[in-house]
Number of protein chains: 2
Amino acid sequence: MDTVLLDVFRTVAHLGSITAAARRLQFTQSAVSRQIATLEAELGTRIFDRLPRGVALTEEGRTLLPHADAILDRLAAARRAVDDLHTLRAGRLRVAAFPTAVAALVPRALAAFRAAHPEVAVSLIEGLTPTLLERLATGEADVAVVSESPAGPIDTTRFDLHHILDERLLVAVSRTHRLARRRTVRLSELEADSFVAGSAHAEETLLRASLPTGFRPRIDIVAADWTGKLGCVAAGLGIALIPALAMRSKPADVALLRLHPDDEPTRRIHAAARAGHTPPPAVTSFLPLLKESLDPLWSR
Amino acid sequence: MDTVLLDVFRTVAHLGSITAAARRLQFTQSAVSRQIATLEAELGTRIFDRLPRGVALTEEGRTLLPHADAILDRLAAARRAVDDLHTLRAGRLRVAAFPTAVAALVPRALAAFRAAHPEVAVSLIEGLTPTLLERLATGEADVAVVSESPAGPIDTTRFDLHHILDERLLVAVSRTHRLARRRTVRLSELEADSFVAGSAHAEETLLRASLPTGFRPRIDIVAADWTGKLGCVAAGLGIALIPALAMRSKPADVALLRLHPDDEPTRRIHAAARAGHTPPPAVTSFLPLLKESLDPLWSR
DNA sequence: GTGATGCCATGCCACCAGCGAATGTCGAGC
DNA sequence: GCTCGACATTCGCTGGTGGCATGGCATCAC
């Protein structure tokens with residue numbers, strides 16, 4: 001059944017006249033007359049009594065009226081809901097991101113998103129790239145901020161990648177370190193140094209994955225997170241490799257050196273979405289914000 | 001919007017395949033494909049992602065689905081409600097009737113109606129004919145059981161009348177009365193008798209309206225209702241005119257005489273419905289029951 | 001790799017549903 | 001009795017809708 005019939009019915013019932021309803025609905029009288037006749041045929045009963053002046057609802061019509069109202073209201077609500085989703089007056093945005101991105105990049109972008117679209121419910125899950133992609137694939141997340149190294153390429157047949165930045169790896173040394181004044185160093189110059197490494201397995205992976213094979217760093221100190229690591233470095237206990245993304249601002253007590261371009265590992269940060277699936281509107285709107293949130297410190 | 005689109009949408013969403021939905025709905029695949037496209041155009045957004053094997057809901061589609069379900073369910077409920085009304089599995093029957101009819105005629109018919117259609121809510125209002133007709137006209141009652149005398153004809157342009165019976169007026173006399181053995185009497189034979197009249201104004205009207213002008217009954221006793229009146233008659237205190245309709249059964253202690261046809265007033269009992277209005281299904285079903293409930297005692 | 005298969009989109013055609021304009025019908029009111 | 005207002009009906013036409021056939025794409029079997 002066409003809901004236009006119900007709208008016509010409602011209007012006729014309200015105005016008590018086919019002719020008046022036709023005027024209001026921009027139809028001809030004959031059209032409305034036949035639409036009512038069609039509706040009556042479909043229901044198998046008369047819904048209006050034809051009076052000398054206009055029409056009046058029958059018992060059946062009176063029964064139908066609230067249903068027609070409810071159906072049309074719900075239809076309008078459906079349109080509104082879909083439209084709200086489209087214009088970001090409703091909906092949700094579930095971001096998944098790897099730990100380093102959660103330090104600053106993703107929170108900044110999420111904050112900007114929430115400011116722009118306060119009615120969209122945002123949520124954030126932290127995890128390692130393979131897990132994030134799995135969540136994305138199962139629909140538990142709408143977008144995943146992931147890192148890709150040559151060692152672990154991402155299946156682009158399953159995921160659409162939006163490149164955010166190429167991550168820079170910095171060498172943190174104490175201000176009194178012999179290389180503290182340098183802008184750029186080569187890895188070979190650090191063979192004699194002791195490294196402060198993270199205790200987390202992820203950091204192991206980072207170090208191993210990031211550095212050229214054959215380079216065997218000396219590790220004397222293990223610190224859990226970036227803040228502790230930087231403390232050790234500042235105290236001159238060793239040097240550390242720090243992803244630029246982990247630096248929320250330039251620290252005062254350590255020097256940050258860039259690696260020579262040939263030594264720098266290539267870790268590309270992407271926002272990933274499910275391939276073949278149209279991203280929810282919130283994701284489409286979120287991606288540009290991720291790029292706008294970039295700090296010049298982070299990428300080369 | 002055609003609700004068929006919503007049904008197609010629902011089926012496609014459920015089966016995850018346009019082709020499968022087409023099979024189930026007895027459409028061709030192309031038809032369903034374009035119906036989905038039409039729905040998407042109407043909403044201004046994609047509601048399905050086209051995958052290599054079938055389709056999957058987008059965020060917008062997921063939002064729409066519960067609305068589609070609700071709309072279709074409500075539509076089905078509307079059809080059912082109208083149909084129930086039609087088949088008397090629901091609805092109401094509001095009967096208005098004049099007092100004498102409420103004695104036995106209408107209750108019997110209502111009981112039969114309720115037995116046949118227990119899910120229809122029945123109600124009954126008692127009143128005098130002009131009031132009843134007014135209620136009918138304003139829609140407060142669905143059908144009115146009214147009496148019509150030559151003195152008060154009913155406007156048949158406003159009301160459709162269904163003749164139920166021509167009311168018989170009986171003369172109640174005690175078993176020891178001089179006419180107790182007669183079957184028929186003439187009014188002129190009763191001039192010497194004392195009449196037991198009702199105290200109600202209605203009874204005054206009945207007596208005056210029923211009897212030929214010029215006949216002046218002698219009234220010594222006034223009794224409120226038919227039972228009391230019959231009690232007086234049985235005790236030999238006088239005689240009474242009783243509408244046959246008021247007799248729920250043949251009483252043992254009084255004799256009931258018919259009036260000679262020429263003396264009998266013509267009061268026609270009708271079921272009245274609003275002219276020009278299709279009666280509610282319950283009324284259509286109720287009218288035959290009124291005639292079937294007739295007691296042979298009542299009418300000539 | 002190559003053909004077969006399954007799925008969706010689309011071009012084309014035929015059909016009919018629904019619209020508008022005009023006319024018919026009926027009752028009310030003057 | 002005439003006019004007016006309101007709904008129904010008829011007729012011709014157009015646009016929408018479905019079916020058929022085809023094409024593109026991805027997957028699967030061999």
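Residue numbers begin at 1 in each chain, while the letters A, B, ... track the order of the sequences.
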Residue B/Gln35, side-chain atoms from C-beta onward, closest of D/dT9, C/dT10, D/dG18: D/dG18
Given 3.5 Å as the limit, does a donor-acceptor pair link the side chain of B/Asp84 with the main chain of B/Arg89, or not? no
Short side-chain N/O contact from B/Arg34 to OP1 or OP2 of C/dA9, under 4.0 Å: no
Using a 4.0 Å heavy-atom cut-off to protein, can you give one letter per nucleotide of nucleotides 22-30 of chain D, 5' to 3': B if the base is in contact, S if only the sugar-phosphate is, - if neither? ----S-S--
Which atom pair, heavy atoms only, marks the closest approach of B/Arg10 to B/Asp73? NH1-OD1, 3.8 Å
Quick one, which residues of residues 38-49 of chain A touch DNA chain C with a heavy atom under 4.0 Å? none
Approximate separation, where rounding is to 0.5 Å, of A/Thr38 OG1 and A/Phe9 CZ: 14.0 Å
Given that B/Ile36 and A/Phe27 both sit by DNA chain C, which one's nearest nucleotide is further toward the 5' end? B/Ile36
Are B/Arg94 and B/Ile125 close enough that some pair of their side-chain heavy atoms sits under 4.5 Å apart? no
Candidates D/dC20, D/dC7, C/dA9 - which lies nearest the side chain of A/Ser33: D/dC7
Between B/Leu64 and B/Ile47, which heavy-atom pair has the shortest distance, and what is it? CD2-CG2, 4.5 Å
Residues A/Leu133 and A/Ala272: closest non-hydrogen pair is CD2-CB, 4.0 Å
Going by heavy atoms closer than 4.0 Å, what residues in residues 1-26 of chain B are next to DNA chain C? B/Ser17, B/Ile18, B/Thr19
Look at the side chain of A/Ser30 and the base of D/dC7, then say whether one donor and one acceptor between them are separated by less than 3.5 Å. no
Atom pair OG1/CG of B/Thr3 and A/Leu75 - distance to nearest 0.5 Å: 10.0 Å
Hey, which of these two, B/Leu51 or B/Thr157, hits DNA chain C nearer its 5' end, going by closest nucleotide? B/Leu51
Students often get this wrong, so: under 4.0 angstrom with heavy atoms, is A/Val32 touching a base, only sugar-phosphate, or nothing? nothing
For B/Arg62 versus B/Leu57, what's the shortest heavy-atom pair and its separation? NH1-O, 3.5 Å
As an exercise, state the distance from OG1 of A/Thr45 to CD of A/Glu60, rounded to the nearest 0.5 Å. 3.5 Å
Determine whether B/Asp49 and B/Leu51 make a side-chain contact, defined as any pair of heavy atoms from C-beta on separated by less than 4.5 Å. yes
With no hydrogens and no angle check, do the side chains of B/Arg135 and B/Thr131 hold a donor and an acceptor under 3.5 Å apart? no
